[in-house]
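Numbering of residues begins at 1 and proceeds along the displayed sequence. These figures come from a predicted structure and were not determined experimentally.
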Amino acid sequence: STSIHPNMFPGARRALVLVALAALSRASADASHDASVPSVRGGLCAGIDCGTSGVRVAVLGSTGLLKSVPVQCFSAAQPLAEDAGPGEWVAAVEGLLLQVPPHLRRRLTKVAVCGTSGTVLLTERVASPGGAARKVLRGPRRYDKSVLKLPGGKRAVDAICRRSPAGHVVRSPSSSLAKLMAWHYEKPITKKEVLAHHSDYVTAHLRGPRAPLVSDWHNSLKLGYDVSPGALRYPDWMKQLMREGGGAKASFKALPPSALPRVVKPGQRLGRVHARLADHLGVPRTCVVCAGTTDSIAAFFAATAGHPTVGTAVTSLGSTLALKVLSRVRVDDEQRGLYSHRLGRQLWLVGGASNGGPAVLREHFSDERISELSRDIDPDEDCDLGYVMLRKGQLGERLPTPDPAASQRLTPRPRSDARFLHGMLDALARMEAQAYTALVDAGADSPRLVLSCGGGASNPTLSRMRTRLLGVEARCADWTQASTGVALLAACEGRVPVITRSSAHQPLNAQRAGSEREPSA
């Protein structure tokens, strides 16, 4: 049986929750509140997703049709230019919150923000007296920005690799720590500056210019924060690195500890929305701001309706293939690009991504043609043509098998377009199954259910092929938006209910022992 945590929506009826979620989510149009959305009772929670290409807001409440079942009662989005900065981020957030109908805004009790992992900037630790907002002092630097071509970037990465453990995620030249150290090499960071992740900055804006800047476990993983049980602190090797300033001892100015944000549990209460901003937005001054998370973890919360089970996996079939599985074992593999986020007290969200994926399909067919040809494909028939689903001109693969020389291979090409598409869909399904096998071989729990999001998830032929090759059910998630997931995180204040019981779903390999409920974090 499953349940919504009592701190999320009190009095949830355990057996009916997931069934009701599926039905109610279909009634939640991606537009403003209208008669098709069930009435809601009590306080509401808002989730804000600050993505690379836009901002989305979702508002959740509990329905009056079945007590304590969450229902999305508002959702809206605003695109952003590729070079949009912090000013545009907060303007878009305020504009979308003002689009929430007044009768819903007046009932907001909690709000939380998720953002793009690895997008960072340097800002004032506290706004100057009389300042209306924190000044951005440097950046932002995007999640995919490598520091290797920046002044001092290679020296920064070399310094991190000398001090950090082998395989640590901070060794990537696009990690948050690499960006921080590169800034320090360009110009020494002062005690007035502090690093803020994408969502940290927006969260701080909601709390006001004088509120302390705070980050969360998930965003801070790539900064070096140690989320191991019993740790929850910046590690000693990182403190040593900062004392050295990234160079040899006493040869470079030390990086002040104040440059690092304070880190708390995702979803934890931080304080109230700033009174002046609350009045401007028309939300109660008692509305609480909660710590956020990354956009990919928020999307996982959404797909699992905020109630994951060990062995629940989520595959994103967007331009590339990305996957996560909830596991009792932590897995980190720098070579394959695998790393683990802590969820709760002792569980790990193990994730990775391939460099290839469904984007290759659009190099050959339109979405309409893919849909048409898919109807002529037998999903129960193997069609392994040995294809490698990397984009044209792309070099190198991480997952499922690291190969720096890997490149696209789509030969032989059958004369039939349907047969050609069948071969590509088969290759995608095999790539996913092999990727999950790689996670399991590294120690992660076996997937028992695979929820799917992204454009490729809507192809029923591909879904049946994936189910066959995975050996477990692969189906579309009812909720897929990160804004919905971070609203669920705020609703339960980070006390995400997780069940570690065995499931009726057969895992990819031998079922692991254990049926103990994981306590809330």
Judged by atom type as modelled, is there a donor-acceptor pair below 3.5 Å linking the side chain of [X] to the main-chain atoms of [Y]?
{"X": "Glu432", "Y": "Thr315", "result": "no"}
{"X": "Lys179", "Y": "Ser174", "result": "yes"}
{"X": "Thr467", "Y": "Ser463", "result": "yes"}
{"X": "Gln346", "Y": "Arg328", "result": "no"}
{"X": "Lys110", "Y": "Ala491", "result": "yes"}
{"X": "Ser371", "Y": "Glu368", "result": "no"}
{"X": "Arg336", "Y": "Pro400", "result": "yes"}
{"X": "Arg398", "Y": "Thr401", "result": "no"}
{"X": "Arg391", "Y": "Ala359", "result": "no"}
{"X": "Asp216", "Y": "Pro266", "result": "no"}

Distance from [X] atom [atom1] to [Y] atom [atom2], nearest 0.5 Å?
{"X": "Arg466", "Y": "Glu473", "atom1": "CZ", "atom2": "CD", "value": "10.5 Å"}
{"X": "His168", "Y": "Met238", "atom1": "NE2", "atom2": "CE", "value": "8.5 Å"}
{"X": "Ser319", "Y": "Arg362", "atom1": "OG", "atom2": "CZ", "value": "7.0 Å"}
{"X": "Ser296", "Y": "Leu323", "atom1": "OG", "atom2": "CG", "value": "11.5 Å"}
{"X": "Leu425", "Y": "Leu361", "atom1": "CG", "atom2": "CG", "value": "6.0 Å"}
{"X": "Arg262", "Y": "Asp200", "atom1": "CZ", "atom2": "CG", "value": "11.5 Å"}

Could you check if a side-chain atom of [X] sits within less than 4.5 angstrom of a side-chain atom of [Y], using non-hydrogen atoms only?
{"X": "Arg464", "Y": "Asp380", "result": "yes"}
{"X": "Arg495", "Y": "Lys265", "result": "yes"}
{"X": "Cys114", "Y": "Thr293", "result": "yes"}
{"X": "Gln408", "Y": "Glu363", "result": "yes"}
{"X": "Asp445", "Y": "Leu326", "result": "no"}
{"X": "His364", "Y": "Leu410", "result": "yes"}
{"X": "Ser175", "Y": "Val169", "result": "no"}
{"X": "Thr461", "Y": "Pro379", "result": "yes"}

**OP:** State plainly whether the residues Asp49 and Arg56 are in salt-bridge range, i.e. N to O under 4.0 Å.
**Re:** no
Original post:
Passes side-chain hydrogen bond (donor to acceptor under 3.5 Å, both in side chains), Thr484 versus Gln72? Steps please.
Top reply: CA-CA 8 Å; Thr484 302; Gln72 183 169 287; 2.6 Å; yes
Original post:
How far apart are the C-alpha atoms of Arg142 and Thr116, what are their side-chain angles, what is the distance that settles it, and do they pass the side-chain contact (heavy atoms from CB on, under 4.5 Å) test?
Top reply: CA-CA 8 Å; Arg142 283 168 47 108; Thr116 307; over 6 Å; no
Original post:
Is there a side-chain contact (heavy atoms from CB on, under 4.5 Å) between Lys222 and His197 once you walk through the steps?
Top reply: CA-CA 10 Å; Lys222 294 180 182 179; His197 299 92; over 6 Å; no
Original post:
Could you walk me through whether Ser117 and Tyr143 pass the side-chain contact (heavy atoms from CB on, under 4.5 Å) check?
Top reply: CA-CA 6 Å; Ser117 174; Tyr143 71 99; over 6 Å; no
**OP:** Kindly write out the residues that satisfy salt bridge (Lys or Arg N to Asp or Glu O under 4.0 Å) with Glu381, not counting sequence neighbours, or none if the list is empty.
**Re:** Arg419
**OP:** List for me each residue that meets salt bridge (Lys or Arg N to Asp or Glu O under 4.0 Å) alongside Glu372, sequence neighbours excluded, and say none if there are none.
**Re:** Arg369
Of the non-hydrogen atoms in [X] and [Y], which two are nearest, and what is the gap between them?
{"X": "Ser354", "Y": "Thr320", "value": "O-CB, 3.6 Å"}
{"X": "Ser327", "Y": "Val350", "value": "CB-CG2, 3.9 Å"}
{"X": "Leu470", "Y": "Tyr436", "value": "CD2-CD1, 3.8 Å"}
{"X": "Asn219", "Y": "Ser199", "value": "ND2-OG, 3.0 Å"}
{"X": "Ser483", "Y": "Ala58", "value": "OG-CB, 3.6 Å"}
{"X": "Leu449", "Y": "Arg475", "value": "CD2-NH2, 3.8 Å"}

Original post:
Does a donor on one side chain and an acceptor on the other come within less than 3.5 Å for Tyr234 and Ser220?
Top reply: no
Original post:
His341 vs His218 aromatic rings, parallel, tilted or perpendicular, using cut-offs 30° and 60°?
Top reply: perpendicular
**OP:** Could you give me the CA-CA distance, side-chain angles and deciding distance for Thr119 and Trp89, then say whether side-chain contact (heavy atoms from CB on, under 4.5 Å) is met?
**Re:** CA-CA 13 Å; Thr119 294; Trp89 302 344; 4.3 Å; yes
**OP:** Kindly determine whether Ser228 and Arg330 satisfy side-chain hydrogen bond (donor to acceptor under 3.5 Å, both in side chains), including the steps that lead there.
**Re:** CA-CA 9 Å; Ser228 303; Arg330 180 176 185 173; 3.2 Å; yes
